[in-house]
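Numbers restart at 1 for each chain; the letters A, B, ... are given by sequence-line order, proteins then strands. As the structure is a prediction and not an experimental result, all values here were calculated from the model. Keep in mind that the numbers below use all heavy atoms, side chains included, and drop hydrogens, waters and symmetry copies.
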2 protein chains.
Amino acid sequence: MKKATIHEIARSLNIDSSTVSRALNDSPLVKKATKDLILKKAREMGYKRNLLASNLRRNKSNTIGVIVPRISRHFFSSTIAGIEEAAYKDGFNVIICQSLEQLNREQRIVENLLQNRVDGILISVSMETLKGSHLEQCAVTDTPLVFFDRHIKDLPYSGQVLIDDFHGGFVATEHLILKGCKKIAHFTGPKNLEIYKNRLAGYRSAMEEHDLENNGNLILPSSLMESDGFKLVAKLLDTVGDVDGIFCANDLVAIGAMKGLKALGKTIPDDIAIVGFSNEPISEIIEPSLTTIDQNGESIGRLACEMLLRQITRTDKMIRNKTVVLTPKLIERESSNRR
Amino acid sequence: MKKATIHEIARSLNIDSSTVSRALNDSPLVKKATKDLILKKAREMGYKRNLLASNLRRNKSNTIGVIVPRISRHFFSSTIAGIEEAAYKDGFNVIICQSLEQLNREQRIVENLLQNRVDGILISVSMETLKGSHLEQCAVTDTPLVFFDRHIKDLPYSGQVLIDDFHGGFVATEHLILKGCKKIAHFTGPKNLEIYKNRLAGYRSAMEEHDLENNGNLILPSSLMESDGFKLVAKLLDTVGDVDGIFCANDLVAIGAMKGLKALGKTIPDDIAIVGFSNEPISEIIEPSLTTIDQNGESIGRLACEMLLRQITRTDKMIRNKTVVLTPKLIERESSNRR
DNA sequence: GCTAAAAATACAATCGATTGTAAAAATATG
DNA sequence: CATATTTTTACAATCGATTGTATTTTTAGC
């Protein structure tokens, strides 16, 4: 069977391949009659443009790479939805990759995307990503890079779309305070990630503003797994007896905590009220339903993608180090609804 | 700044680019000393192989495309985990795409993957996919294709890795029967998809084998959304009063049904027992926890990918129309635990 | 030290599409 | 009808890497 390249088409019509190429790209340099002829023949021969060749020649792939820790996390799959929407609108393709929270996977992915000459990269870094040496390659190859949500500092050539985690942490904590909680603990995330540092800072700020104790005993580190939440409540109640509220760095930990508390015979929210973070779908379904902070993943994804596309098709000079911050919002549910 | 191609490296070392290429590919045709020299220079110049050019020339991309309805569905993200594991082992890259249950998106994705010259495609089709005309392109371009889970019939050139949905439906239904249910309804999925037809057939078979009524009133079609389950229970209890068990085609519908039943004042499992399908993580967390059927997504993904890779690197002739069937297993939880 | 064999490198074509420019064909102008 | 102008098509280089073959260099053997 023939391969069906523009050259095959050209040969079979006894014309030049450059004319075929132009016809297939609907160039005004080719007259209507010839175009029709070529298009018909192309269809007939089952022609399929070879994007490798085309991209190589044009030095442009019309493709952006997206790197997230895990596609199964609801927050990330909604950012991806937003990204794909924005990308599709401008005729760009999206390659989705997951680092599975591993730095070495993230490095391999970046390397591969750059080798495949994507036009730009959107990334939400892994928990293991402390610095961006592997991302500097993007600057070297002049590939625009935009962080969303989980970012790292000090990469001046990139843009970022973030949510105001400080505000989220503040609002979550203050909500518990307003519900009457006096001794509120915080289960935090990996301390190398800015977002968790900021949620923690928001917690601290709210506690201080209301003159509540927030010492080390009340702040327990987790690695964001459900099992962490389960174990941490036991530890917490062991060291600090009279906790009446917990703000968790994400919903999974919050759910683990709820299960742990139930196992310890505590009732939610009356003994201890809980607030999570992320508004995972499960937070609405469990019982009691979980009060949480919604981040609007789709907007984040859309905005990040739009920013990236602006850099790719930059009319003006490179827009460096631009930051957009979105404000998350509290979703009140039963887990904090104290009488 | 220079582009850093093999030609740049060659020029700066005053040797030929073919030698550089061979050195970078660790060919035995280049002696150690030159290799070292070239590698050093390449690193120094920040060389990055252009995979577009390489793949074009080699006519091979070392990449497979994966198409799933939605990456956020737990079952699919676990198949993807299995796929990536198997692909990585053989040095293949994976491009993940989601059809979002839309045929036209699925078509665009297939087209794009083929244009990008992936070495093979793994697909679990959308709900709208009734026939495989867009997939026939794979045969035309000689691109191996393997279905997993959601497949369509009559595409003889492809392989498939399925689960025994008939058995799953049978086991789920029989479980309810053994738990003492007499009038069991089934909320089914889109009837164009084989898997839902098979689950339904399994349900029917179990009911018949135990001489239980299974007429049309008991079989209600859903489009697999939580909201469907919620609405369907009301409808069901309206038309058929004394239902005491429901087997749902997936977990989401089951959860909707549970919520609907609670809203109607029914208790689970005592008034009505429920069984879902898929073992989504949420099924373990809700209360009562949901009895369901586990499909072992990771194995499916791994096996499908291995089958595809075998076709890509086919030693023997094309293995066509091979089918592997996995047996799903029942996970007993509270939603069916009648006294 | 000289030829034969082996090792290392250079040359050149190729993958498929794109694109600037030259050439040819069609049309317009006087 | 001859020339100028415009349209259409052909030629040829290019993107960056790979690879079969030819050539040169090195090593071996005597």
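- Comparing B:L56 and B:S18 along DNA chain C, the residue whose closest nucleotide (by nearest heavy atom) sits nearer the 5' end is B:S18.
- Near-neighbour residues of DNA chain C inside residues 30-41 of chain B, defined by a heavy atom below 4.0 Å, number-ordered: B:V30, B:K31, B:T34.
- For the atom pair CD of A:E194 and CZ of A:F147, the computed distance is 10.5 Å after rounding to the nearest 0.5 Å.
- Computed from coordinates, the A:L13 CG to D:dT9 P distance equals 12 Å when rounded to whole Å.
- The residue A:R22 sits close to a base: some heavy atom pair falls under 4.0 Å.
- Bracketed by its first and final contacts, the part of DNA chain C lying under 4.0 Å from non-hydrogen atoms of chain A reaches from C:dG16 to C:dT21 in 5' to 3' order.
- Each of B:V20, B:I15, B:L37 was scored for a side chain to side chain contact (heavy atoms under 4.5 Å, CB included) with B:I9, with one residue passing: B:V20.
- Across all strands, A:N55 comes closer than 4.0 Å to no nucleic acid atom at all (heavy-atom distances).
- Rounding to the nearest 0.5 Å gives a distance of 3.5 Å between CD of B:Q160 and OG1 of B:T323.
- Of the listed residues (A:L308, A:L135, A:L114, A:V66), just one forms a side chain to side chain contact (heavy atoms under 4.5 Å, CB included) with A:I121, and that residue is A:L114.
- Using a 4.0 Å heavy-atom distance criterion, B:T5 is classed as a sugar-phosphate-only contact.
- At a threshold of 4.0 angstrom between heavy atoms, the contacts of B:N50 are confined to the sugar-phosphate backbone, with no base atom among them.
- One atom, CG of B:L29, and another, P of D:dT21, lie 13 Å apart when rounded to the nearest Å.
- Between the side chains of A:R73 and A:S77, not a single donor N or O lies within less than 3.5 Å of an accepting N or O.
- Taken from NZ in B:K89 to CD in B:E84, the straight-line distance is 14.0 Å, to the nearest 0.5 Å.
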How far apart are the C-alpha atoms of B:K32 and B:D36, what are their side-chain angles, what is the distance that settles it, and do they pass the salt bridge (Lys or Arg N to Asp or Glu O under 4.0 Å) test?
CA-CA 6 Å; B:K32 183 83 166 50; B:D36 290 345; 3.0 Å; yes
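- If you take NE2 of A:H7 and C1' of D:dC11, they are 12 Å apart, rounded to a whole angstrom.
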Before you tell me yes or no, could you show the steps for B:T129 and B:E106 under side-chain contact (heavy atoms from CB on, under 4.5 Å), namely the whole-Å CA-CA distance, both residues' side-chain angles and the distance that decides it to 0.1 Å?
CA-CA 8 Å; B:T129 306; B:E106 188 174 289; 2.9 Å; yes
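- Take the nearest nucleotide of DNA chain D for A:I15 and for A:R57: the residue whose nucleotide is more 5' is A:I15.
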Show, in sequence, the C-alpha distance, side-chain angles and deciding distance for B:R117 and A:L51, and conclude whether the side-chain contact (heavy atoms from CB on, under 4.5 Å) test is met.
CA-CA 8 Å; B:R117 301 298 193 265; A:L51 277 183; over 6 Å; no
